[in-house]
There are 2 protein chains.
Amino acid sequence: MLTEKELKEYSDNARASYLPHISIDCVVFGFHEGMLKVLLLHMKNENGWYLPGGFVLKDEPIELSANRILKERTGLDEIFLQQFHVFGDPQRSKDHFEMYKDMLPRAENWFTDRFLTIGYYALVDFCDAIPQPDIFSADCIWRDLDDLPELKLDHALILKTALDTLRLQLNYQPIGYNLMPKEFTMPELQKLYETILDKKLDRRNFQRRMLGFGILKRSEKPRKGGAHKAPYLYSFDLENYQAALTEGFKGGW
Amino acid sequence: MLTEKELKEYSDNARASYLPHISIDCVVFGFHEGMLKVLLLHMKNENGWYLPGGFVLKDEPIELSANRILKERTGLDEIFLQQFHVFGDPQRSKDHFEMYKDMLPRAENWFTDRFLTIGYYALVDFCDAIPQPDIFSADCIWRDLDDLPELKLDHALILKTALDTLRLQLNYQPIGYNLMPKEFTMPELQKLYETILDKKLDRRNFQRRMLGFGILKRSEKPRKGGAHKAPYLYSFDLENYQAALTEGFKGGW
DNA sequence: AATCGATAGTGTATTATTGACACAAGAGTA
DNA sequence: TACTCTTGTGTCAATAATACACTATCGATT
């Protein structure tokens, strides 16, 4: 926990560097061992968990802010980042960093301001990320999506909204690339979809549909070592993948 | 155009009332005589056209801000409003109200600040709206979507993004209710869809699909007066419509 | 009153997509 | 060699999307 002096310093510096009243919160999804994970921060000397977040430098495009924040938390650059919603209830930041609430006069304390937060969700390869806590938190760790701790502020709402958006986007955008390692098997990819959608899919129909999109390349060599029939390895055909991203999957009308 | 004194007053008042660096821009769609329309403002003493916009009161939820702004511009309340994107390039507001640029010192002039703008799009019944200019504009009028004037700032981008979002949402949300009058014929509704999507649809298939959604009620009496066979009148079945809104149209996976 | 032109209402055959389902093949293990 | 587990693949039925043609009715025209 920061001392009064440190808080004052942080606040002064924040006011000098960042746009006031605006924050960014990131819902970072990862996929590991058949589980969808979210990156969460655990506050020092407090029970609360938070989404990784930060602020926008006075002259910085917000996409770069989100990128910068994520790089600080994961070490990753060029992450798949998708802005999905702004949360603007005046009450939402009421309980922001409660322990710092009365440590400074309101006008000086950055954390007593009202904040609109821009929600981004990110899809990252679990294995590549190296979670790093920020100065307010003791821990930055992956948590299973179906075993979440209680989240502070409106971060539970932000997370739910991100997940809903992700599920919706799955219908008209190819998602897998950012969550899967370079090479993977069809059952592994299917597991990702089943995990995101939280339902079982038919193995054969899934394969047919996925291949139908034309964004997968089958490698010559199957994955060896398992105790069963060796599955083929696939990777994304980046060219077609990008095209599919911009065009969208399903026509609709 | 405002005098220096008026600008100073506006700026002082804005700084006292609104969250700094945050604005809201609205893309208001209407539908009339087979054309999709957008509400635009024409600046006093300037060639520029702008989207209707405004700012967020210091203690106001942003949804209410958007509502308030739209009510001021259209007289309408309880509008279908959808937040769709935040535009956060530091350069985007560089040319904001150029004519007021050098009239006041930067620190005093509200319009030289950097603004992130939250984009909302609205669907309104063309006939109900009563366009009202704001104090900066000489005109507030409906413009045909396919005959747009040049837009200032990044408002062309905002409009395009809104339109793309609208087209996408058409695939998994029932849209018509907010753009159509209470009663309408199937060909009229089809025209709306064709206009939004900018392509011809098959009459019979459109009807089948629409009715299949189960959100339309057919009135007993057809519309009389036309020089041709009298078409049936339909209205939306609000209960089913609301259900469809929350559930979404198409399963996807 | 009969005809014409334009638009609205409806049905059906064809094709593509989705969903359900069963069997064969390969890799390790006993 | 047989067994178990998992993967790969094909087929059939149901459903949805598409293409397309005829009939009905209104006002206008003659």
Side-chain angles (χ1 to χ4, degrees), chain A residues 33-34 167 170-172 174 176 180-181 183-195 197-235 244 247-253, chain B residues 33-34 167 170-174 176 180-181 183-195 197 199-235 244 247-253:
Chain A
E33 290 177 351
R167 284 180 177 149
L170 210 57
N171 287 326
Y172 55 90
M180 299 298 283
E183 293 201 303
F184 50 88
T185 67
M186 195 58 79
E188 284 166 359
L189 184 62
Q190 180 178 342
K191 188 80 190 156
L192 168 67
Y193 274 72
E194 291 182 336
T195 306
L197 296 168
D198 196 26
K199 69 168 145 183
K200 281 252 161 274
L201 301 173
D202 183 89
R203 211 156 45 88
R204 292 147 287 193
N205 297 335
F206 178 82
Q207 169 140 326
R208 183 174 24 160
R209 190 161 172 178
M210 267 300 153
L211 293 179
F213 293 144
I215 57 173
L216 293 179
K217 277 186 309 199
R218 186 154 96 177
S219 155
E220 292 308 308
K221 319 217 158 172
R223 162 167 301 169
K224 297 274 187 165
H228 311 290
K229 174 166 180 176
Y232 287 102
L233 284 170
Y234 291 88
S235 59
E247 286 171 31
F249 264 175
K250 314 186 64 166
W253 289 87
Chain B
E33 290 177 352
R167 284 181 177 148
L170 210 57
N171 287 326
Y172 55 90
Q173 294 224 324
M180 299 298 284
E183 294 202 302
F184 50 88
T185 67
M186 194 58 79
E188 284 166 359
L189 185 62
Q190 181 179 340
K191 187 81 191 158
L192 169 66
Y193 273 72
E194 291 183 338
T195 306
L197 296 169
K199 69 169 146 182
K200 281 254 162 267
L201 301 173
D202 182 89
R203 214 155 45 86
R204 293 146 287 197
N205 297 333
F206 178 81
Q207 169 139 325
R208 182 157 28 132
R209 189 161 170 179
M210 267 298 152
L211 293 178
F213 293 143
I215 58 173
L216 293 179
K217 276 186 309 199
R218 185 154 97 176
S219 153
E220 291 308 309
K221 319 216 157 172
R223 162 167 301 170
K224 297 277 187 160
H228 312 291
K229 174 165 181 179
Y232 288 103
L233 285 170
Y234 290 87
S235 59
E247 285 171 33
F249 264 173
K250 313 186 67 167
W253 289 86

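Reminder, nothing fancy here: chain letters follow the sequence lines and each chain counts from 1. The shown structure was predicted, so the numbers you read here are calculated from the model rather than taken from an experiment. For the numbers below, each heavy atom of this structure counts, side chains included, while hydrogens, waters and symmetry mates do not.
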Whole angstrom is fine here: how far is it from [atom1] in [X] over to [atom2] in [N]?
X: A:Q190; N: C:dG19; atom1: CD; atom2: C1'; value: 14 Å
X: A:L201; N: C:dA20; atom1: CG; atom2: P; value: 11 Å
X: B:R209; N: D:dT15; atom1: CZ; atom2: C1'; value: 14 Å
X: B:M210; N: C:dT10; atom1: CE; atom2: P; value: 16 Å
X: A:L189; N: D:dT7; atom1: CG; atom2: P; value: 13 Å
X: B:L233; N: C:dG9; atom1: CG; atom2: C1'; value: 14 Å

message: If I take atom CG from residue B:N171 and atom CG from residue A:N171, how far apart are they, to the nearest 0.5 angstrom?
response: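 B:N171 CG to A:N171 CG: 10.5 Å, rounded to 0.5 Å.
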
query: How sharply is the helix from C:dA1-D:dT30 to C:dA30-D:dT1 bent, taking the axes over five pairs at either end and rounding to 10 degrees?
result: 20°

Side chain to side chain donor-acceptor pair (under 3.5 Å) involving [X] - partner list, sequence neighbours excluded:
X: B:R218; value: none
X: A:R203; value: none
X: B:R204; value: B:D202
X: A:Q190; value: A:E194

task: Write down the atom of B:I215, the atom of B:A244, and the distance for their closest heavy-atom approach.
output: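 Taking every non-hydrogen atom into account, CG2-CB, 4.1 Å.
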
Expected rows: protein N/O vs nucleotides 9-11 of chain D N/O, under 3.5 Å:
from  : atom 1 : to     : atom 2 : distance (Å)
D:dT9 : OP2    : A:Q207 : NE2    : 3.2

Extract from the structure each pairing of a protein N or O with an N or O of nucleotides 25-30 of chain D at less than 3.5 Å, listing the distance.
from   : atom 1 : to     : atom 2 : distance (Å)
D:dT25 : O2     : B:K229 : N      : 3.4
D:dC26 : O4'    : B:H228 : O      : 3.3
D:dC26 : O2     : B:A227 : O      : 3.0
D:dG27 : O4'    : B:A227 : O      : 3.4

- prompt: How would you list, by chain and number, every residue that makes a side chain to side chain contact (heavy atoms under 4.5 Å, CB included) with A:T185, sequence neighbours excluded?
  reply: A:P187, A:E188, A:R223, A:P231, A:L233

By side chain to side chain contact (heavy atoms under 4.5 Å, CB included) - contacts of B:K229 (at least two apart):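 So B:K229 forms no side chain to side chain contact (heavy atoms under 4.5 Å, CB included) with any residue.
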
message: Test of understanding: with ring-ring contact (aromatic ring centres under 6.0 Å, His included), list the residues that count as partners of B:Y234, not counting sequence neighbours.
response: none

